[in-house]
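Counting from 1, the numbers follow the sequence of the chain as shown. Each ligand, and each atom within it, is numbered from 1 in the order the structure gives. What you see below is based on every heavy atom in this structure, not just the backbone, and it leaves out hydrogens, waters and symmetry mates.
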Amino acid sequence: MQSIYDYTLEELKKIIKPSFRALQIYNWIYKKYIYSYEDMKNIPNEVRNELKNKYEINILQIVKKEKSIDGSIKYLFSLHDGHTIEAVLLLMKKKKISEEGIVQKSEQYTVCISSQVGCKVGCTFCLTAKGGFVRNLSAGEIVSQIVKIKKDNNISEDKSLNIVYMGMGEPLDNYNNFVQSVKIFSQEEGLSINRKRQTISTSGISSKIKKLGLENLGIQLAISLHAVDDKLRTELIPMNKAYNIQSIINAVKEFPIDARKKVMFEYLVIKDINDDLLSAKKLISLLNGIKAKVNLIYFNPYAGTTYKRPQSKDMLVFQEYLISKGLFCTIRESKGLDISAACGQLKEKENQET
Ligand code: SAH
Ligand code: SF4
């Protein structure tokens with residue numbers, strides 16, 4: 001069955017008559033976070049009944065929630081067929097200076113969402129990959145993660161937030177539903193999340209990066225690079241055999257980026273595997289000519305992996321080298337480390353406990 005979250009407003013207007021009802025429903029689901037047709041007071045009974053029979057509304061259930069000491073909250077959602085996915089609400093405090101010159105702290109929300117149950121790509125460092133691929137999420141299942149999290153945290157309808165497609169799954173392997181979710185998120189009459197605030201992270205399916213670029217959606221791009229030579233990258237990300245580093249770089253060069261933005265290259269740092277200065281040097285030459293920024297990520301270990309978390313001093317040396325060569329480089333704070341924040345890790349914990 002389709003869900004009510006699967007549609008853009010234009011589409012909903014075509015299937016619900018009279019069409020102003022579509023706008024009312026958009027208001028209920030995306031501004032008031034209502035997920036029961038009974039509560040839609042201004043919709044006549046017969047319309048509500050018809051909708052109930054055709055479009056599911058309460059499609060995700062929170063089965064587990066873990067709060068980290070830094071304020072991040074990790075969610076485990078169950079889907080209608082019993083499968084589970086994860087999403088994380090990340091909180092960042094931002095300093096803002098008011099017009100009177102007073103320093104104010106404001107909270108900035110970022111939500112990390114999943115695009116698939118499991119993943120086909122099979123990265124050797126990733127817990128999501130261990131369970132194999134189960135199925136794609138529908139556009140509605142992607143969208144509903146944000147609605148549930150906004151409601152659960154009483155985040156007001158007009159508070160802007162950032163979305164990162166960095167949870168479970170490879171968004172470009174679920175191309176159509178992913179693109180549809182971007183369109184629904186940015187719908188002004190709904191969640192109204194600017195496309196500049198939406199970042200897709202991909203393991204680098206070059207052909208689909210090109211395709212996405214041609215759609216000119218106005219979203220941000222992050223590439224999970226993790227290695228600077230094809231031999232190591234293929235060990236970490238087997239799909240690199242089909243889409244090697246150069247093919248990714250070529251696709252990125254064609255991707256339309258906002259004049260003030262950069263493409264993010266994520267570099268997962270694993271102790272003694274890719275944390276050396278020679279790799280940093282190669283990274284510089286690889287990214288030459290691209291408006292790039294690098295985000296270094298600490299490998300987050302889990303039971304059964306032989307990979308190790310890098311030492312902080314090696315991370316800093318790596319970062320300083322990139323910065324000294326003029327590259328913008330940050331280290332991803334281990335937000336929510338105490339709540340097993342890397343992708344797939346909460347789900348795994350649930351499996352061990354049950
Ligand atoms: N499939 C997409 C998006 C989801 S994975 C992609 O690979 O980009 C999101 C990020 O989580 C990726 O950059 C991935 O490298 C990272 N990740 C996976 N396992 C991790 C781990 N154990 N520790 C830290 N980061 C991890
Ligand atoms: Fe899939 Fe991303 Fe995990 Fe690789 S890192 S297996 S692409 S979710």
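The contact set between ligand 2 and S203, taken as ligand atoms under 4.0 Å from a residue heavy atom, comprises 7 (S). Every atom of ligand 2 is numbered from 1 in the order shown, and the set under 4.0 Å from a heavy atom of C119 is 1 (Fe), 6 (S), 7 (S), 8 (S). Shown in contact with V121 at under 4.0 Å from a heavy atom are these atoms of ligand 2, numbered in order with element: 7 (S). Close approach of ligand 2 to A129 (heavy-atom distance below 4.0 Å) involves ligand atoms 6 (S). Annotation for ligand 1: atoms under 4.0 Å from non-hydrogen atoms of M166 are 4 (C), 5 (S), 9 (C).
Distances from ligand 1 to the non-hydrogen atoms of G169 include at least one value under 4.0 Å. The shell of residues lying under 4.0 angstrom from ligand 1, judged by heavy atoms, includes G167. Contact annotation: M168 has no heavy atom less than 4.0 Å from any atom of ligand 1.
Ring to ring, Y7 and Y55 are close: their centroids are under 6.0 angstrom apart.
No donor-acceptor contact under 3.5 angstrom links the side chains of T124 and E235, judged on distance only. There is no side-chain donor-acceptor pair under 3.5 Å between K159 and N154.
Ring geometry, F178 versus Y175: the interplanar angle exceeds 60°, so the pair is classed perpendicular (tilted spans 30 to 60°).
For Y298, every heavy-atom contact with ligand 1 shorter than 4.0 Å involves the backbone, none the side chain. Using a 4.0 Å cut-off between heavy atoms, L268 contacts ligand 1 through its side chain alone, with no backbone atom that close. Only the backbone of T202 comes within 4.0 Å of ligand 1, judged by heavy-atom distances.
Residues I15 and I43 are members of one and the same hydrophobic cluster, defined by side-chain heavy-atom contacts under 4.5 angstrom among Ile, Leu, Val, Met, Phe, Trp and Tyr.
Ligand 1 has an N or O atom lying under 3.5 Å from an N or O atom of S201, backbone or side chain. Residue E266 has at least one nitrogen or oxygen atom sitting less than 3.5 Å from a nitrogen or oxygen atom of ligand 1, judged on distance alone. Note: no N/O pair closer than 3.5 Å links Y165 and ligand 1 by distance alone.
Applying the salt bridge (charged side-chain N to carboxylate O under 4.0 Å, His left out) test to every pair with at least one member in residues 110-126, sequence neighbours left out, gives no pairs at all. Screening residues 263-291 for salt bridge (charged side-chain N to carboxylate O under 4.0 Å, His left out) gives E266-R332 as the qualifying pairs, with residues at least two apart or on separate chains.
A cation-pi arrangement is found for R309 relative to Y298, the charged atom lying closer than 6.0 Å to the ring centre and inside a 45° cone about the ring normal.
Within the 4.5 Å cutoff, the side chain of I184 has heavy atoms near those of the Y26 side chain. Side-chain contact between K150 and Y30 is absent, with no heavy atoms from C-beta onward closer than 4.5 Å.
Nearest residue to atom 5 (S) of ligand 2 from C126, S201, G167 is C126 (criterion: closest heavy atom).
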